Amino acid sequence: MKTYYTYTTRIGPITIAEEDGMIVSIDTDQKVDGIEKRNELLDCTYKQLEEYFQGKRKTFDIPYKLKGTPFQLSVWHYLETIPYGKTCSYQDVAIGIGNPKSCRAVGMACHRNPIPFIVPCHRVIGKNRKMVGFGLGIDLKIKLLDIERGIYD
């Protein structure tokens with residue numbers, strides 16, 4: 001059974017969902033199927049996200065499960081290797097997963113990432129270094145990268 005709760009964070013409301021003791025989604029959209037109820041895992045995830053948004057946390061220590069196609073999983077697992085404060089291009093990811101012509105598909109996989117922030121799709125930028133393609137909005141992408149660079153508002 002999926003359990004979720006919507007928390008107020010520094011960046012606005014975030015809904016965190018878990019199933020069978022694993023985080024399965026984090027979103028700014030509050031529409032989630034399941035039971036709305038706080039629990040220890042959701043609260044711990046919220047706390048770690050808040051620490052990240054404050055620039056106090058660089059890595060996350062929570063159990064999570066990614067659900068997607070084999071291609072999406074390969075992209076998301078590659079994203080997990082991008083260091084805090086660093087960026088790479090969609091083309092870099094495509095090459096990194098051994099499918100150099102899949103830049104657009106990489107972009108779609110990033111867009112469908114169910115656990116943003118923890119699986120850092122915001123660290124993927126355009127080949128020309130432009131801020132493009134973030135499902136939660138370019139402004140938030142820039143803010144997250146600024147946090148990682150030590151720039152706080």
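A quick note: this is a predicted structure, and the numbers were derived from the prediction, not measured. Sequential numbering from 1 along the given sequence is applied to the chain's residues.
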Heavy-atom distance under 4.5 Å between the side chains of [X] and [Y], does that happen here?
X	Y	result
I147	I151	no
F53	I14	yes
P114	I26	no
I16	S25	no
V93	Y90	no
T87	V124	no
R149	L145	yes
L41	I23	yes

Following the transitive rule for hydrophobic clusters with a side-chain heavy-atom cut-off under 4.5 Å over Ile, Leu, Val, Met, Phe, Trp and Tyr, establish whether [X] and [Y] coincide in one cluster.
X	Y	answer
L66	V24	no
V32	F117	no
I82	F71	yes
I11	F60	yes
M22	I115	no

Looking at T69, is its backbone amide N or carbonyl O close enough to the side chain of Q72 to form a donor-acceptor pair, meaning the two atoms are under 3.5 Å apart?
yes
Is the backbone N or O of S89 less than 3.5 Å from a side-chain atom of D92, with the two atoms forming a donor-acceptor pair by type?
yes
Check [X] against [Y] and note the closest heavy-atom contact, atom names and distance.
X	Y	value
L42	K37	CD1-O, 3.4 Å
C103	P100	SG-O, 4.1 Å
L73	G68	CD1-O, 3.7 Å
S102	A94	OG-CB, 3.5 Å
I97	S74	CG2-O, 3.6 Å
G12	T9	O-OG1, 2.5 Å

Side chains of Y64 and E18 only: does a donor on one sit below 3.5 Å from an acceptor on the other?
no
Is there a donor in the side chain of D43 and an acceptor in the side chain of Y7, or the other way round, less than 3.5 Å apart?
yes
Verify ring-ring contact (aromatic ring centres under 6.0 Å, His included) between Y46 and Y5, making sure each step is shown before the conclusion.
CA-CA 10 Å; Y46 160 72; Y5 194 78; 8.8 Å; no
Can you label the angle between the Y52 ring and the Y84 ring as parallel, tilted or perpendicular, going by 30° and 60°?
perpendicular
Can you tell me if H77 has over 12 outside heavy atoms packed within less than 6.0 Å of its NE2?
yes
Between R57 and E51, is the salt bridge (charged side-chain N to carboxylate O under 4.0 Å, His left out) condition met? List the steps.
CA-CA 5 Å; R57 175 176 288 276; E51 291 169 353; 2.8 Å; yes
How many angstroms lie between atom [atom1] of [X] and atom [atom2] of [Y], to the nearest 0.5 angstrom?
X	Y	atom1	atom2	value
I95	K101	CD1	NZ	11.5 Å
K47	L49	NZ	CG	12.5 Å
M1	I35	CE	CD1	4.5 Å
L79	T81	CG	OG1	7.5 Å
T59	E80	OG1	CD	12.5 Å

Tell me, with the steps shown, if R123 and E148 meet salt bridge (charged side-chain N to carboxylate O under 4.0 Å, His left out).
CA-CA 10 Å; R123 295 180 188 153; E148 294 187 10; 2.9 Å; yes
Tested for side chain to side chain donor-acceptor pair (under 3.5 Å) against E19, the lone hit among K65, K2, K67 is K67
Start with the C-alpha distance between D139 and K143, add both sets of side-chain angles, then the distance that settles side chain to side chain contact (heavy atoms under 4.5 Å, CB included), and finish with yes or no.
CA-CA 6 Å; D139 288 342; K143 183 173 187 153; over 6 Å; no
